[in-house]
Amino acid sequence: MEQEIKELILSNSVDLFGQQIDEQLIQFQKTRKDIEGDLTLVIFPFVKLLKCSPQDAGNRIGELIVDKLIDIDRFAVVGGFLNLTISDQYWLNQLKRIHAEPTFGCSEPNSKPLMMVEYASPNTNKPLHLGHLRNIFLGYSVAEILKANGHKVIKTQIINDRGIHICKSMLAWEKFSPINEKGERETPENTGLKGDKLVGKYYVEFDKHFNQEAKEIILQWEQGSFDGFPVAICDEFQRLTLAKSGKDEKTCEGIDAKIKDLAKNQTSLLLEAKEMLIKWEARDPQVYLLWSTMNSWVYAGFEATYDMMGVDFDHLYYESDTFLLGKDIIMDGLNRGVFFKKADGSVWIDLTAEGLDEKLVLRSDGTAVYMTQDIGTAVDRLTDYPDVSGVIYTVGNEQDYHFKVLFLILEKMGYSWAKNCSHLSYGMVDLPSGRMKSREGTVVDADDLMADVIAEATEMTKERGHIEGMSDEEKNHLFRQIGLGGLKYYLLKVDPKKRMLFNPEESIELNGHTGPFIQYAHARIQSLLAKAGVTEGSTLEFNPSDLEPSERDVLKWLTEFPAHMNEAASDLSPAVLANYTYELVKAYNHFYQSVSIMIETNEDKKRMRLVLSANVAKVIRQSMRLLGIEVPNRM
RNA sequence: GGUCCCAUAGUUCAAGGGAUAGAAUAGAAGUUUCCUAAACUUUAGAUACAGGUUCGAGUCCUGUUGGGACCA
């Protein structure tokens with residue numbers, strides 16, 4: 001409709017305005033709720049051209065539109081706004097069109113280029129937490145939205161499975177795990193712990209002993225005993241200690257932190273971990289076996305969590321496979337003058353011309369930094385999937401700078417696909433008490449949280465749900481759908497770019513702007529359709545003479561679904577769909593409350609209302625599916 | 001020290017430069033003789049501050065304050 005009006009104005013613009021006008025001047029918006037009309041054209045941009053009042057300009061354009069377009073019943077100019085009222089027949093035809101399209105709102109599958117979406121990308125030492133939930137739900141949903149918009153999509157993640165931190169948990173397990181009567185150390189099997197939790201436990205264990213040892217070293221140093229430590233370290237300690245005298249509290253704290261780092265580097269635990277890393281890099285069979293065993297525990301644990309979340313991946317990348325990549329590319333870039341070498345042998349890129357600074361891409365000892373690896377991984381992926389047209393990295397916004405630099409480097413290296421790479425940057429999830437901190441034990445564990453919301457959903461559903469006659473299996477499935485639906489909706493309804501607050505009590509809320517609110521509407525429609533003896537695809541003829549305001553309103557929202565799908569895809573924002581669906585459901589609930597369906601005596605109206613309801617259900621289901629949320633038929 | 005991000009009802013979120021800034025929640029008051037009341041209806045309450053650009057600014061620009069992140 002907007003397109004038709006636009007074309008009409010453009011093709012008549014010489015008559016109307018005496019000149020060809022810019023398409024940009026034609027701006028539409030939805031008519032305000034309290035004013036008559038469906039569609040509003042903003043008149044202000046034309047006023048200058050016409051050299052007349054907005055009122056006259058609106059009238060002239062309005063007359064043309066009503067004259068030429070049969071579906072526009074009438075118009076009214078209010079202020080600088082031309083409000084157009086669209087005919088009931090137009091809306092009814094829209095409903096028929098929507099009803100005939102089982103995949104309304106979606107584009108032809110695989111009709112658009114291949115995109116790669118990276119998300120999750122955990123560290124194997126730490127169980128998944130609330131921050132990962134936002135990341136994972138977001139990445140999964142964006143991938144699904146792109147698919148529904150016609151893209152081919154590969155979901156991927158890179159697993160951070162190597163490095164000194166991994167050796168820490170391996171070492172801690174070897175040193176501190178108790179041995180049972182069978183002579184075994186702790187395993188997921190003999191403890192019943194999830195693998196990721198067990199390994200995470202030993203990572204924490206390492207840290208505890210590590211800090212303790214560092215503390216003891218400092219104590220020893222303070223007592224003047226430096227036996228067995230390098231002279232340089234002892235000198236540094238004394239220099240730092242002296243520097244503290246006479247300084248304010250804050251400066252002293254900073255110096256104490258430096259002293260602690262100094263001591264940490266001298267701990268036997270860290271030295272052993274470093275030794276282990278060297279052995280791992282040399283593929284020492286014993287270390288390698290331990291590493292792969294503990295990793296397999298973690299993967300089994302993650303797998304269980306992903307399964308509960310209802311997300312999946314098409315291709316996994318492991319840092320242990322990719323960490324050596326990138327160095328050759330850096331050397332190549334160095335030869336081509338993209339990078340430069342500093343006196344100490346480290347390799348840098350100069351981005352000052354782009355308003356950034358100089359960035360390290362390879363250390364002086366030739367070891368890789370994150371940037372080196374990311375360059376390597378990106379190129380590697382393009383080798384695996386030559387037809388990828390772009391990569392979307394779902395990573396927190398604390399890495400904004402990193403990705404800006406990464407994409408710039410790729411561009412400077414001459415990769416044509418670099419311009420299609422984008423960072424799906426999302427804000428941190430805060431708790432009412434502030435940021436999650438592992439040291440303060442405020443990290444919200446992903447498994448625990450999911451179990452909590454499901455438990456809450458179980459209780460609430462038993463209290464007020466319609467679950468008579470369901471088997472236990474069906475009930476449990478429903479509790480999970482509601483609990484996780486609420487959690488996912490809670491995390492996805494907020495604009496991803498923004499930092500958000502996670503309030504544990506609100507996340508399990510069932511009233512208001514929530515997932516269960518939307519699920520409930522769907523269940524209610526399904527119940528209605530079942531009672532009426534129709535299915536969503538039923539072909540029902542209808543041609544009522546007029547539409548109620550609430551019916552028009554629902555139809556308007558329904559018609560807008562494709563536009564919001566597009567917006568969600570181009571903005572990479574599931575929140576767009578979440579908020580749209582909420583508005584649709586609100587309009588539907590209002591309609592449901594204000595008109596009767598089953599006892600309507602006018603069969604045309606009754607059939608139309610059933611079809612309308614069926615299509616609202618269809619759109620709810622489609623839209624929620626893209627958010628990874630299942631909608632039950634009963635609840 | 002440098003760069004980037006954020007600031008809207010008590011609280012959590014909306015608002016492609018366009019009309020009287022929407023919701024939800026907490027608060028107050030209502031609606032089940034008919035389709036699921038996890039619903040609906042009514043009610044009260046907000047653009048951090050100071051300038052600027054514009055016919056028009058929550059939205060764009062500059063500065064201030066407050067919060068956060070990153071780089072060294």
Side-chain angles (χ1 to χ4, degrees), chain A residues 27-35 37 40-48 53-54 77-83 351-352 355-360 396-405 425-428 430 432 434-435 457 460-461 463-468 482 485-486 490 493-495 497-503 505-507 509-532 550 563-564 567 570-571 575-576 578-580 582-583 585-586 588-600 606 609-610 613 632-635:
Chain A
Q27 297 168 24
F28 290 102
Q29 57 185 286
K30 269 205 299 225
T31 305
R32 285 177 61 94
K33 260 192 244 163
D34 46 341
I35 291 173
T40 294
L41 180 69
V42 186
I43 296 300
F44 293 110
F46 308 120
V47 172
K48 270 189 197 160
S53 71
V77 181
V78 182
F81 301 91
L82 171 61
N83 299 320
L351 297 171
T352 46
L356 306 174
D357 50 13
E358 293 179 350
K359 186 78 192 172
L360 177 72
N397 64 9
E398 64 272 16
Q399 307 245 20
D400 282 356
Y401 186 78
H402 175 83
F403 282 100
K404 215 160 144 186
V405 172
S425 163
Y426 63 91
M428 201 172 290
D430 282 320
R435 189 177 173 174
M460 296 306 279
T461 306
E463 202 175 292
R464 48 176 127 168
H466 301 73
I467 53 174
E468 322 71 48
I482 296 173
Y490 185 88
K493 74 175 175 185
V494 182
D495 181 349
K497 291 193 284 295
K498 290 191 180 166
R499 199 183 176 94
M500 70 175 287
L501 186 97
F502 181 85
N503 184 328
E505 282 151 34
E506 277 176 21
S507 67
E509 187 62 54
L510 307 169
N511 303 321
H513 190 180
T514 65
F517 172 89
I518 292 170
Q519 290 173 319
Y520 180 75
H522 182 266
R524 205 159 64 164
I525 293 172
Q526 292 307 332
S527 167
L528 171 73
L529 296 179
K531 289 221 162 110
S550 67
H564 290 96
E567 195 189 337
S570 58
D571 290 2
V576 169
N579 289 310
Y580 160 75
Y582 175 66
E583 294 295 338
V585 168
K586 286 234 304 183
Y588 181 81
N589 283 348
H590 177 75
F591 152 83
Y592 183 88
Q593 202 77 23
S594 56
V595 305
S596 295
I597 300 173
M598 297 305 282
I599 57 168
E600 173 60 55
K606 181 174 171 181
R609 286 171 190 164
L610 286 169
S613 300
N633 289 332
R634 287 175 61 190
M635 69 183 275

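Here is how names work: the chains are called A, B, and so on, in the same order as the sequence lines, proteins then strands, and each is numbered from 1.
Ring geometry for A:Tyr580 versus A:His564: interplanar angle under 30°, hence parallel rather than tilted (30 to 60°).
For A:Asn511, the side-chain contact (heavy atoms from CB on, under 4.5 Å) partners at least two apart in sequence or on another chain are A:Arg464, A:Glu509. In this structure, the side-chain contact (heavy atoms from CB on, under 4.5 Å) partners of A:Asn83, at least two apart in sequence or on a different chain, are A:Thr31, A:Ile35, A:Thr40, A:Val78, A:Phe81. By the side chain to side chain donor-acceptor pair (under 3.5 Å) test, A:Asp495 pairs with no residue at all, sequence neighbours left out. Considering only residues two or more places apart in sequence or on other chains, A:His513 meets the ring-ring contact (aromatic ring centres under 6.0 Å, His included) condition with A:Tyr489, A:Tyr582. Take A:Phe591 and apply the ring-ring contact (aromatic ring centres under 6.0 Å, His included) test, not counting sequence neighbours, and it matches A:Tyr588. Residues that satisfy the side-chain contact (heavy atoms from CB on, under 4.5 Å) test with A:Asn589, not counting sequence neighbours, are A:Phe517, A:Ala521, A:Arg524, A:Val585. For A:Arg32, the salt bridge (Lys or Arg N to Asp or Glu O under 4.0 Å) test picks out A:Asp34, with sequence neighbours left out. For A:Tyr520, there are no ring-ring contact (aromatic ring centres under 6.0 Å, His included) partners at least two apart in sequence or on another chain.
Between A:Arg435 and B:rA69 there is a side-chain polar atom (N or O) within less than 4.0 angstrom of OP1 or OP2.
Within the 4.0 angstrom heavy-atom criterion, base atoms lie near A:Gln29. Heavy atoms of A:Asn83 sit under 4.0 angstrom from at least one base atom. Counting non-hydrogen atoms under 4.0 angstrom, A:Gln27 reaches a base of the nucleic acid. Contacts of A:Thr40 with the nucleic acid, taken as non-hydrogen atoms under 4.0 Å apart, include base atoms.
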Quiz item: What string of B, S and - do you get for nucleotides 33-42 of chain B, 5' to 3', when a contact is any protein heavy atom under 4.0 Å?
Solution: -BBBSBBSS-
Quiz item: How would RNA chain B look in dot-bracket form, 5' to 3', counting Watson-Crick and G-U wobble pairs with both distances under 3.5 Å and writing | for bases paired to another strand?
Solution: (((((((..((((....[...)))).(((((.......)))))....(((((..]....)))))))))))).
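Residue A:Phe81 and nucleotide B:rG18 are not classified as a stacked aromatic pair, given the requirement of ring centres less than 5.5 Å apart at an interplanar angle below 30°.
The gap from the P atom of B:rU59 to that of B:rA7 amounts to 11 Å, rounded to the nearest Å. Rounded to the nearest Å, the gap between the P atom of B:rG66 and that of B:rA23 is 35 Å. Spacing of C1' atoms, B:rG56 relative to B:rA21, comes out at 15 Å, to the nearest Å.
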Expected rows: protein N/O vs nucleotides 56-61 of chain B N/O, under 3.5 Å:
none

Distances under 3.5 Å between protein N/O atoms and the N/O atoms of nucleotides 3-13 of chain B, please, pair by pair.
residue: B:rC13; atom: OP1; partner: A:Leu501; partner atom: N; Å: 2.7

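Rounded to an integer number of Å, the gap from A:Phe403 CZ to B:rC70 C1' is 13 Å.
Anti is the classification of B:rU41, since its glycosidic angle lies more than 90° from 0.
Side-chain atoms of A:Arg609 come within 3.5 Å of backbone N or O of A:Ser596 as a donor-acceptor pair.
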